[in-house]
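All remarks here apply to the structure that follows.
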Protein chains: 2
Amino acid sequence: MSTRSQLLKGILDGCVLVVIEKETVYGYELSKKLQSIGLADVSEGTIYPVLLRLQKKGWIYGEIRPSEEGPNRKYYTLTENGKKALCDIRREWSGISVAVNTLLREDENDECSTVDSGK
Amino acid sequence: MSTRSQLLKGILDGCVLVVIEKETVYGYELSKKLQSIGLADVSEGTIYPVLLRLQKKGWIYGEIRPSEEGPNRKYYTLTENGKKALCDIRREWSGISVAVNTLLREDENDECSTVDSGK
DNA sequence: GTCAACTATATTGTTTAACAAGATAGTATA
DNA sequence: TATACTATCTTGTTAAACAATATAGTTGAC
């Protein structure tokens with residue numbers, strides 16, 4: 001499993017909430033969107049459990065609407081509680097993000113130059 | 001469980017490696033250090049499993065030294081592989097950090113003003 | 001008409017990580 | 001001898017990411 005997958009943990013919920021805050025989206029669309037934003041491997045197996053979890057928490061709610069070009073879609077919208085939760089997550093993230101960036105960036109050792117295509 | 005705990009996932013390893021890179025430390029000390037830096041609840045139950053895991057991966061190695069004021073301490077040092085791993089983590093982190101910050105910061109809605117001491 | 005490809009949602013099972021709780025033990029001091 | 005602090009380690013619980021798979025509607029090729 002990639003390191004990225006682990007790094008994602010806990011941030012994914014926030015990312016999903018943000019996207020839904022901006023516009024009502026359905027799961028499949030959301031998955032593609034997050035991928036294009038830079039959260040690489042956020043596929044269906046990841047996104048649907050997240051959506052169900054957030055719904056169970058009462059942070060979003062789903063609404064099934066027919067599509068003219070495929071199976072029904074389930075569009076999600078942020079609830080009031082969801083907005084509050086997103087605020088909390090933003091705050092938590094910014095705290096941790098600052099702390100970690102400060103730590104990781106202290107470039108006493110700048111010898112990371114060994115960028116050898118390795119994957 | 002706190003949101004913070006989930007946000008931490010996957011970043012902790014990097015933080016631990018960075019601290020060890022800068023100086024040889026022992027677990028108990030490391031735990032206090034991370035707490036003071038802003039990673040709040042990184043207690044012994046968290047730090048020792050992390051250290052064992054990193055050692056198993058060959059990224060750090062431990063060396064027991066007696067202490068004059070308490071039980072023996074196990075000091076950890078970064079290995080060459082550990083340095084490489086840290087570089088990778090730095091790179092991964094900066095990628096995700098940028099993506100998430102961009103997402104979360106688009107302050108169309110600045111209504112997070114409800115900062116009501118809530119914990 | 002049926003087959004493949006794409007869209008779309010959902011579930012099951014595996015793996016990994018954080019961390020509370022508690023066991024163990026050395027030192028210090030009251 | 002009791003308790004407080006330092007220090008390490010382990011066990012068990014919980015949550016999350018995600019691969020794999022199942023299901024089903026639509027479309028177009030043949």
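Convention: sequence-line order gives letters A, B, ...; per-chain numbering from 1. Because the structure is a prediction, the values reported are computed rather than measured.
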Provide, to the nearest angstrom, the distance between the [atom1] atom belonging to [X] and the [atom2] atom belonging to [N].
{"X": "L39(B)", "N": "dC19(C)", "atom1": "CG", "atom2": "C1'", "answer": "14 Å"}
{"X": "Y28(A)", "N": "dG25(D)", "atom1": "OH", "atom2": "C1'", "answer": "13 Å"}
{"X": "K56(A)", "N": "dA15(D)", "atom1": "NZ", "atom2": "C1'", "answer": "12 Å"}
{"X": "L34(A)", "N": "dC18(D)", "atom1": "CG", "atom2": "P", "answer": "11 Å"}
{"X": "L52(A)", "N": "dA15(D)", "atom1": "CG", "atom2": "P", "answer": "16 Å"}
{"X": "R53(B)", "N": "dT10(D)", "atom1": "CZ", "atom2": "C1'", "answer": "15 Å"}
{"X": "I11(B)", "N": "dA17(C)", "atom1": "CD1", "atom2": "P", "answer": "13 Å"}
{"X": "E92(A)", "N": "dA18(C)", "atom1": "CD", "atom2": "P", "answer": "16 Å"}

Looking at every non-hydrogen atom in both residues, tell me the closest pair between [X] and [Y] and how far apart they are.
{"X": "Q55(A)", "Y": "G62(A)", "value": "NE2-N, 3.2 Å"}
{"X": "G82(B)", "Y": "L17(B)", "value": "O-CD1, 4.4 Å"}
{"X": "L51(B)", "Y": "I60(B)", "value": "O-CD1, 3.6 Å"}
{"X": "V42(B)", "Y": "S31(B)", "value": "O-OG, 2.8 Å"}
{"X": "K74(A)", "Y": "I64(A)", "value": "CG-CG1, 3.9 Å"}

*Only counting residues at least two apart or in another chain, list the ones meeting side chain to side chain contact (heavy atoms under 4.5 Å, CB included) with E69(A).*
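Side chain to side chain contact (heavy atoms under 4.5 Å, CB included) check on E69(A) returns S67(A), R73(A).
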_Tell me which pairs pass ring-ring contact (aromatic ring centres under 6.0 Å, His included) where either residue lies in residues 44-91 of chain A, with sequence neighbours left out._
Y26(A)-Y75(A)
[X] side chain: which of [options] is closest?
{"X": "Y48(A)", "options": "dT11(C), dC9(D), dA17(D)", "value": "dT11(C)"}
{"X": "Y26(A)", "options": "dA17(D), dT9(C), dC9(D)", "value": "dT9(C)"}
{"X": "K57(A)", "options": "dA16(D), dA18(C), dT9(C)", "value": "dA16(D)"}

_Whether T46(A) contacts dA17(D) is assessed here as follows: a side-chain N or O lying under 4.0 Å from the phosphate OP1 or OP2. Is that the case?_
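It does not, given that no N or O in the side chain of T46(A) lies less than 4.0 Å from OP1 or OP2 of dA17(D).
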*Mind running salt bridge (charged side-chain N to carboxylate O under 4.0 Å, His left out) on E80(B) and K83(B) for me, showing each step along the way?*
CA-CA 5 Å; E80(B) 276 310 308; K83(B) 285 181 191 170; 3.4 Å; yes
*Just checking L51(B): base, sugar-phosphate only, or nothing, at a heavy-atom cut-off of under 4.0 Å?*
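Counting heavy atoms under 4.0 Å across all strands, no contact is made by L51(B).
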_Partner residues of R53(B) under the side chain to side chain donor-acceptor pair (under 3.5 Å) criterion, sequence neighbours left out_ =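 Expected list: D13(B).
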*Nucleotide by nucleotide, 5' to 3', does protein get under 4.0 Å of the base (B), only the sugar-phosphate (S), or neither (-) in nucleotides 22-30 of chain C, counting heavy atoms?*
----BSS--
*Of R73(B) and V50(A), whose nearest nucleotide on DNA chain D comes first from the 5' end?*
R73(B)
*Could you pick out which residue, P49(B) or K32(B), lies toward the 5' side of DNA chain D when each is mapped onto its nearest nucleotide?*
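The answer here is K32(B).
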*Please list, chain by chain and in numerical order, all residues satisfying salt bridge (charged side-chain N to carboxylate O under 4.0 Å, His left out) with E68(B), sequence neighbours excluded.*
none
*Whenever both distances are under 3.5 Å in a Watson-Crick or G-U wobble pair, mark it; put DNA chain D into dot-bracket that way, with [ ] for crossing pairs and | when the partner is on another strand.*
||||||||||||||||||||||||||||||
